Each structure stands twice: as structure tokens, then as C-alpha cells.
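Read the structure below first, then the notes.
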Number of protein chains: 2
Amino acid sequence: MRAGGPGADGYNSIPAAAVARLPIYRRVLLELLSTRTTTVSSTRLATLAGVNAAKVRKDLSYLGSFGIRGVGYNVEHLLYEVSRELGLTHDWPVLIAGLGNLGSALANYGGFLERGFPVRALVDADPAKVGREIAGVPVRHVDELEGIASEHRIAIGIVATPAVAAQDVVDRMVSAGIGSILNFAPVVVNTADGVSVRNVDLAVELQVLSFYQRRHVPGDLSDLLEPGRVS
Amino acid sequence: MRAGGPGADGYNSIPAAAVARLPIYRRVLLELLSTRTTTVSSTRLATLAGVNAAKVRKDLSYLGSFGIRGVGYNVEHLLYEVSRELGLTHDWPVLIAGLGNLGSALANYGGFLERGFPVRALVDADPAKVGREIAGVPVRHVDELEGIASEHRIAIGIVATPAVAAQDVVDRMVSAGIGSILNFAPVVVNTADGVSVRNVDLAVELQVLSFYQRRHVPGDLSDLLEPGRVS
DNA sequence: CTCTGTGAATGTATTCACAGCT
DNA sequence: AGCTGTGAATACATTCACAGAG
């Protein structure tokens with residue numbers, strides 16, 4: 001994981017773990033489509049997605065029965081069904097708050113637009129940044145967030161501010177009616193019910209890796225037994 | 001979770017889901033320490049970490065019995081134990097491959113050094129980028145990766161290249177003896193056994209959010225029923 | 001015969017609830 | 001009394017294994 005998904009399971013209820021894998025299948029299907037592959041088996045899809053075949057079949061079965069026994073899945077049709085389930089048949093306008101290194105990089109990152117998430121608005125608390133343009137989008141002051149959000153019909157907010165500013169920005173996003181927030185600030189933020197928040201702390205990813213790396217380097221365990229640097 | 005962690009469960013075996021939460025507890029403990037808080041209960045720690053108290057106690061119990069019944073946990077001691085378990089009593093030198101928007105932002109991102117992951121080396125395939133300096137670290141050619149990795153005793157490799165280049169870079173990292181890889185390229189990469197890979201596809205996070213957002217905006221479901229844009 | 005779709009079985013994770021220490 | 005640590009219970013996720021469609 002990181003897998004655990006946000007709450008509010010609907011009536012239909014696809015398991016959160018399965019939802020988290022759908023974007024991966026989608027990525028693979030796009031790749032297959034671009035190579036003119038028309039059909040794919042659960043085994044092949046599993047290899048390309050880095051999971052096992054039973055999981056692929058079970059995950060896809062939550063969306064319906066789109067495979068053909070003895071043959072496999074039609075790439076184009078399956079791609080459409082997965083996209084529909086993920087709500088990716090239309091774009092989701094994004095607002096980014098905080099234009100430091102990470103925020104600016106995300107604003108410039110073409111991968112978002114390409115995958116249906118156009119960055120339509122940027123806000124920052126620093127007056128020196130307000131008025132500049134990044135990737136063709138003007139930076140505006142965070143105080144104007146609410147108006148900007150409704151003007152551009154923002155669906156998703158990305159928080160790339162320092163930790164101390166994150167809760168305030170999240171509060172503004174929530175009161176602006178933004179229902180989904182991707183938080184890169186290293187802090188746990190609170191929201192009203194019904195708002196989905198996904199926290200991605202880049203350093204956390206490295207820390208988990210360092211845990212598993214230790215298991216593979218038993219010769220280096222010695223210095224771990226003595227108290228030393230803690231922060 | 002994305003919880004599911006990389007493999008090679010050791011003898012001792014802390015559940016992967018628990019390991020994934022340790023960095024969050026650590027972050028909270030650092031925050032508490034900086035406010036001179038000496039003791040913390042599982043309930044308070046849970047609130048600050050955004051989980052529930054039973055989970056905190058269970059997670060921490062895998063590391064040993066460090067709490068005091070009737071009182072709580074000593075912040076400084078618990079911080080040390082969590083850090084030790086994560087292998088964060090010493091630094092882990094990092095190499096970043098691919099210095100586009102994201103790679104450059106990561107190289108400039110102070111949060112890594114601050115949390116024990118100094119960025120010591122940068123590589124790119126583009127000759128125009130080789131020779132430049134980012135955050136005081138020179139960019140070198142990816143062909144030199146192996147020598148650079150051993151020279152700087154690199155422990156963790158970050159892949160921030162385009163998808164097509166990722167597998168090649170990962171292969172070089174693995175042959176250079178790098179045992180942990182954080183992959184931001186939107187592609188599933190293969191490695192030998194014993195190498196831990198964590199994939200973080202930023203657009204995937206947004207896609208999962210868009211799934212859950214749909215549940216909360218039932219009025220907008222209409223246009224999802226007709227085939228339209230698929231990618 | 002091939003490959004999907006799915007109940008049943010197994011494995012993991014979370015939560016409950018309380019004994020026992022302080 | 002307050003709070004941890006942990007078995008037991010529950011919930012969730014993965015994998016197996018095979019019936020049945022093509």
C-alpha cells in the first residue's frame with residue numbers, strides 16, 4: 001500500500017486495495033493500446049502491472065465481466081471501463097498551493113495534464129511570488145483561494161506548502177468546496193467528513209526503504225545498536 | 001497500501017503495514033520533542049498521527065515494551081526506538097537519476113537532507129545537463145553511475161527519468177549494488193531479488209482521489225455513462 | 001484446450017476489550 | 001484511577017483451484 005483508501009465506501013463498494021491498483025492497470029492498458037495490441041490475458045496484464053494473475057481477475061471482476069473466456073480482455077474496451085470506474089472520462093481541474101521547489105515542479109510537470117488533471121490555478125502566501133507565471137498559469141495570493149476555486153471549478157487541491165501552513169490552506173480548500181486533497185506537506189491535516197485527503201510524504205517513502213534495506217545488509221547492523229543521532 | 005511493503009521479511013517480522021506507519025509516528029514524536037513534551041499517551045499520539053489508539057499500541061508493541069502503564073510513552077526514548085527500528089540512526093546517501101522538473105525539485109528539496117537522506121550524486125543522460133550543478137552537486141553522465149555510486153557509498157537511488165529510460169537506469173543501479181530504489185517514473189520496473197523498489201506515481205494518487213470524489217458528487221454522475229475521452 | 005470469473009480457503013490487518021502494571 | 005500490552009474477534013485482502021464459457 002500506501003494503499004488504504006479514503007472512506008465513504010459507497011453502496012457498490014469496490015475494495016480500496018483494488019481501487020488503488022486500477023490506475024496501474026490503466027497505465028498498462030494505455031501502453032498496450034499504443035502498441036496496437038487488441039487483446040490481453042490476465043497473466044500478461046499481471047506481469048506488466050507487477051502483480052499476480054488471480055489478483056488482476058478479481059480486481060477486474062468488481063467492475064463487471066468484460067473478459068472473454070479462452071481469449072482474454074479487449075484492451076480498448078477494458079481501458080474504457082477502468083477509466084469510467086475511476087471517473088477519468090472527463091478532466092479534473094487542479095489547484096496547487098505553495099510554489100516552492102516541489103510546487104513549482106508539479107506545476108511544470110506535464111504528466112498531470114496528460115493524464116486528465118490540468119493545473120488551472122496556483123496560489124502562494126508569499127507576495128514576492130504572486131504575479132509571476134509558472135507554466136503559463138499566474139500565481140495568485142492564497143487569500144483569494146475561494147474565488148479562484150469556484151471560478152475554475154477546481155476539483156482537486158494539491159498542498160505543497162511548508163508543514164506549518166498546510167492546515168490553513170486545507171481549511172480554505174475545504175470551505176471553497178474542494179472535495180479531494182493531495183497533501184505533500186509532512187503533517188497530518190484535518191478536514192470535515194466527505195473530503196478525501198491523500199498524504200504523500202516523500203521522505204516517508206525513503207524511510208520505509210531504509211527499514212527494508214537494513215534487512216539485506218546484516219553486516220552493517222552493528223552501529224544501529226548504539227544510541228546516536230536521533231533526528 | 002498502498003500499504004503492502006517490499007518483501008524479504010526477516011526473522012523478526014514487523015508487519016509491513018506497521019512499518020509504513022512508523023515514519024509518521026516518528027514525525028509526530030519529533031514535533032512533540034521540539035515542544036518539550038516529555039510524555040505522550042497512545043491516544044494523543046494516535047490523534048496527532050491520524051490513526052486510532054489501539055493501532056498505535058499494537059504497532060509500537062512490535063518494537064518492544066517501551067510504554068509505562070498508567071502514564072504513556074517517554075517521547076525521547078520512543079523516538080530513539082522508532083528511529084533505530086527504521087535504521088535512521090545514521091544517514092543514507094542518495095543518488096537521483098533524471099534531472100527534469102521533478103528530479104531537480106527533489107535535488108533542491110531540503111526535506112531529504114533534514115531527515116537523514118543527503119543527496120550526494122546526480123546523473124542524467126542529457127549531455128546538456130551534465131556539468132551543471134544543482135544544490136551544489138554536479139550533474140554527471142548516467143554512464144558513470146556505477147563508479148559514482150560506490151564512490152559516494154550510495155544506499156538509495158531515486159529514479160526521476162522519463163518512463164522509457166527508467167528500466168535502464170534501474171538496471172545500472174542494481175548492478176552498482178544499490179539495494180533500495182524509489183521510482184517516480186510511471187512504469188513498473190524489474191529488479192533482482194533482494195532489491196526493494198517503491199513506486200510512487202504522482203498521477204496515480206490523483207486518479208484514486210478522482211474515484212472517491214465521484215462518490216461524493218452523485219449529481220455529476222450523468223456524463224460518466226456515455227463513452228467519451230478515454231485517454 | 002485456454003482463460004475468465006468466482007466461491008472457498010488462507011493469510012494479514014484492524015479493532016475490541018480487558019488483565020495487569022503503575 | 002489511568003494507560004499499556006495483547007489475546008481474541010472481526011474485517012479485509014490475497015491466493016487457490018476449478019467450474020464453465022468459448
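Convention: sequence-line order gives letters A, B, ...; per-chain numbering from 1. What you see is a predicted model; the values in this text were computed from it and never measured.
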Go through D:dT4, D:dA21, D:dT6 for me and flag the one nearest to the B:R69 side chain. D:dT4
Does any N or O in the side chain of A:E76 come within less than 3.5 Å of the main-chain N or O of A:L33, such that one atom is a donor and the other an acceptor? no
Check the distance between D:dG5's C1' and B:F66's CZ and give it to me in whole angstrom. 13 Å
DNA chain C nearest-nucleotide lookup for A:V71 and A:S61: closer to the 5′ end is A:V71
Look only at the side chain of A:S210 and the backbone of B:L86, and say whether a donor-acceptor pair between them is shorter than 3.5 Å. yes
Can a side chain N or O of B:Y73 be found less than 4.0 Å away from OP1 or OP2 on D:dG2? no
Letter by letter from the 5' end, nucleotides 9-18 of chain D scores (B base, S sugar-phosphate only, - none; protein heavy atoms under 4.0 Å) ----SSB-B-
Knowing that exactly one of B:L29, B:V28, B:T35, B:T39 qualifies, which makes a side chain to side chain contact (heavy atoms under 4.5 Å, CB included) with B:V75? B:L29
Indicate yes or no for a side-chain donor-acceptor contact from A:Q167 to the backbone of A:N190 under 3.5 Å, with no hydrogens or angles considered. yes
Length of the line joining B:L63:CG and D:dG5:P, which is rounded to integer Å: 10 Å
Whole-Å distance, B:L60 CG to D:dT6 P, equals 12 Å
Would the distance check show the side chain of B:R27 and the main-chain N or O of A:P186 forming a donor-acceptor pair, the cut-off being under 3.5 Å? yes
With heavy atoms under 4.0 Å as the rule, sort B:G67 into base, sugar-phosphate or nothing. sugar-phosphate
Below 4.0 Å: OP1/OP2 of C:dT4 and any side-chain N or O of A:S42: yes
Just by modelled atom types, is the B:N108 backbone N or O under 3.5 Å from a matching donor or acceptor in the A:N101 side chain? yes
